[in-house]
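Data block below; observations after.
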Amino acid sequence: MARELRPWLTGRTVIGAERVDAPPGPKYAGLERLPGQRIEAVTRRGKFLVMPLGRMELLEGTAASAPADELIVHLGMTGVVRATPPPGHLRVHLHLSGPEPRDLYFQDVRRFGRFMVVGVGDYAGLPTLAAMGPDALDPDFTPESLQRALAISGAPIKTLLLSQRPVAGVGNIYADEALWLAKVHPERPARRLTRSQVSALHAAITDVLARSLLLQGTTLNDYRTVNGEVGAFAAHLAVYGRAGEPCPRCGAAVVRTVVGQRATYACSRCQTRPRSSSRSAPRRPARGRPRLTPRAK
DNA sequence: CGCATTTCCTGGTAGC
DNA sequence: TGCTACCAGGAAATGC
């Protein structure tokens with residue numbers, strides 16, 4: 001989407017910004033600051049579109065002190081950015097300057113998306129963006145960076161991936177697909193992944209996202225490109241949404257569970273379960289000096 | 001601080 | 001046909 005919008009938006013100035021059928025609130029904060037600002041670039045961090053803005057300097061010395069803004073867009077579940085008016089659930093309408101003036105529309109049926117203007121880097125209202133790890137397709141995302149990020153948490157690996165902290169850009173579908181590719185069970189505590197599992201997971205994340213992007217992403221129901229096309233990657237999903245179907249790798253059944261309140265699909269055979277802490281397992285004393293006091297809460 | 005739970009929101013669908 | 005119940009989930013807010 002960033003790639004599509006880049007030539008469409010870069011260098012254009014916002015003439016008008018209208019909030020449509022959306023209550024005032026943080027998800028649409030700052031839109032009134034948009035008119036008069038020029039879109040300098042279209043960038044992306046994980047699932048957030050980040051568009052630096054600049055105000056035309058009409059008077060030397062005054063505009064220079066004005067802090068620059070950024071337009072932040074997140075699709076949530078059902079957000080769609082379009083160049084033509086959507087049939088319903090329109091939330092934002094932008095009018096843009098240019099040789100031939102253009103419009104931009106943000107549609108969002110379920111209202112989980114956001115379309116807001118903030119000061120550059122002022123992510124106080126966007127804690128996930130503020131604490132986000134390297135983007136999955138950025139060279140800064142390496143097996144080592146992933147290893148460091150996973151080592152500090154005992155949360156289920158899938159839950160940690162969805163937090164966007166170890167790596168940015170992995171949502172529910174791609175988390176399941178990447179874990180399947182890497183043969184890692186979604187509930188394995190993050191810090192218990194072996195070094196080779198971390199390497200496999202790193203490769204799997206970059207691989208699944210790159211392949212999906214080649215097909216313009218995954219459209220289950222709602223997602224559309226800016227041109228209104230569907231993404232074709234859904235047909236290539238190995239496990240997501242395929243409960244009861246055979247694993248494409250080993251033939252065992254794909255099972256659906258819930259991890260971190262999210263539907264989770266995994267192969268029942270080739271994604272090995274984390275070491276069980278079930279009652280039936282004999283309790284083995286911890287290595288090293290016995291703990292004399294209960295762990296502080 | 002870290003993790004778990006709840007909340008937001010609407011369309012589609014299963015079940016009756 | 002029409003009704004209710006439930007499910008989908010990214011990220012923020014709240015709870016512990």
Side-chain angles (χ1 to χ4, degrees), chain A residues 1 19-30 44-50 72-81 86-92 106-116 118 122-133 135-136 148-179 186-192 205 209 212 217-224 230-231 234 237 239-244 256-266 274 277 294-297:
Chain A
M1 173 172 273
R19 194 184 65 232
V20 186
D21 190 18
K27 289 179 176 178
Y28 297 95
R44 181 185 65 78
R45 291 187 56 194
K47 290 174 270 188
F48 289 82
L49 284 175
V50 179
I72 306 282
V73 179
H74 194 298
L75 301 184
M77 289 289 297
T78 55
V80 178
V81 173
H89 305 289
L90 176 65
R91 308 301 174 196
V92 178
F106 182 62
Q107 177 199 36
D108 184 18
V109 173
R110 275 153 65 182
R111 302 173 188 257
F112 279 16
R114 44 192 67 216
F115 197 110
M116 58 196 290
V118 303
D122 178 13
Y123 301 148
L126 298 162
T128 300
L129 183 54
M132 196 165 264
D135 187 88
R148 282 192 298 274
L150 299 191
I152 63 175
S153 173
I157 178 61
K158 172 169 178 178
T159 300
L160 199 60
L161 287 178
L162 293 182
S163 78
Q164 310 299 304
R165 288 192 298 268
V167 54
V170 178
N172 199 45
I173 294 171
Y174 298 125
D176 283 2
E177 294 296 305
L179 289 166
E187 291 182 87
R188 179 171 292 271
R191 69 167 67 97
R192 291 222 194 282
I205 289 168
L209 288 176
S212 182
T218 303
T219 298
L220 297 178
N221 295 299
D222 303 289
Y223 177 69
R224 295 292 184 280
V230 298
L237 297 174
V239 290
Y240 185 86
R242 300 196 183 281
R256 179 193 186 278
T257 59
V258 173
V259 178
Q261 315 292 101
R262 293 289 170 258
T264 297
Y265 299 86
S277 60
R295 190 190 307 272
K297 185 68 174 78

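Protein chains get the first letters and strands the later ones, always in sequence-line order, with residue 1 at the start of each. Model, not experiment: these values are computed from the prediction.
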Touch class at under 4.0 angstrom, heavy-atom based, for A/T159 against every strand present
nothing
What is the separation between atom NZ on A/K158 and atom C1' on B/dC3, rounded to the nearest whole Å?
17 Å
Round to a whole Å and report the spacing from OH of A/Y28 to C1' of B/dC8.
12 Å
Over how many whole Å does the gap from A/K27 atom NZ to B/dC8 atom P extend?
10 Å
Tell me every residue that passes salt bridge (Lys or Arg N to Asp or Glu O under 4.0 Å) with A/R19, counting only those two or more places apart in sequence or in another chain.
none
Could you give the CG-to-P distance, from A/D176 to C/dA8, as a whole number of Å?
12 Å
To the nearest angstrom, the OH-C1' distance between A/Y174 and C/dG10 comes to 15 Å
With sequence neighbours excluded, tell me which residues meet side chain to side chain contact (heavy atoms under 4.5 Å, CB included) with A/A266.
A/P186, A/Q271
Nucleotide of B/dT5, C/dG10, B/dC3 approaching A/Q261 most closely (side-chain heavy atoms)
B/dT5
The helix from B/dG2-C/dC16 to B/dC16-C/dG2: angle between end helix axes, five pairs per end, rounded to 10 degrees:
50°
Would you classify A/G154 as touching base, sugar-phosphate or nothing, given that sugar-phosphate means primed atoms plus P, OP1 and OP2, and contacts are heavy atoms under 4.0 Å?
sugar-phosphate
Could you work out, with salt bridge (Lys or Arg N to Asp or Glu O under 4.0 Å) as the rule, every residue matching A/D21, not counting sequence neighbours?
A/R91, A/R111
Over 60° means perpendicular and under 30° means parallel, so tell me whether A/F48 and A/H74 are parallel, tilted or perpendicular.
perpendicular
Just wondering, do A/I72 and A/V50 contact through their side chains at under 4.5 Å, heavy atoms?
yes
Listed by chain and number, what are the ring-ring contact (aromatic ring centres under 6.0 Å, His included) partners of A/H89, not counting sequence neighbours?
none
Nearest-Å distance for atom pair CG/C1', residues A/L160 and B/dA4
14 Å
Identify all pairs in which a protein N or O lies below 3.5 Å from an N or O of nucleotides 10-14 of chain B, and state each distance.
residue, atom, partner, partner atom, Å
B/dT10, OP1, A/R111, NE, 2.9
B/dT10, OP1, A/R111, NH2, 3.3
B/dG11, OP1, A/H89, NE2, 2.9

Rounded to whole Å, please give me the gap between CG in A/L75 and P in C/dG10.
12 Å
Once side chain to side chain donor-acceptor pair (under 3.5 Å) is applied, do any residues pair with A/R262, and if so which ones, sequence neighbours excluded?
none
Pairs under 3.5 Å (N/O, protein and nucleotides 11-15 of chain C):
residue, atom, partner, partner atom, Å
C/dA11, OP1, A/H74, NE2, 2.3
C/dA11, OP2, A/K47, NZ, 3.3
C/dA11, N6, A/R262, NH2, 3.2
C/dA12, OP2, A/T128, N, 3.0
C/dA12, OP2, A/T128, OG1, 2.2

State which residues pass side chain to side chain donor-acceptor pair (under 3.5 Å) with A/Y174; sequence neighbours excluded, sorted by chain then number.
A/S212, A/T218
Only pairs at least two apart or in different chains count here, so list each salt bridge (charged side-chain N to carboxylate O under 4.0 Å, His left out) that has a residue in residues 165-177 of chain A.
A/K158-A/D176
Check side chain to side chain donor-acceptor pair (under 3.5 Å) between A/Y123 and all other residues, then give those that pass, not counting sequence neighbours.
A/E70
List the residues meeting side chain to side chain donor-acceptor pair (under 3.5 Å) with A/R44, not counting sequence neighbours, and say none if there are none.
A/D135
If I take atom CZ in residue A/R256 and atom C1' in nucleotide C/dG9, what distance separates them, rounded to the nearest angstrom?
11 Å
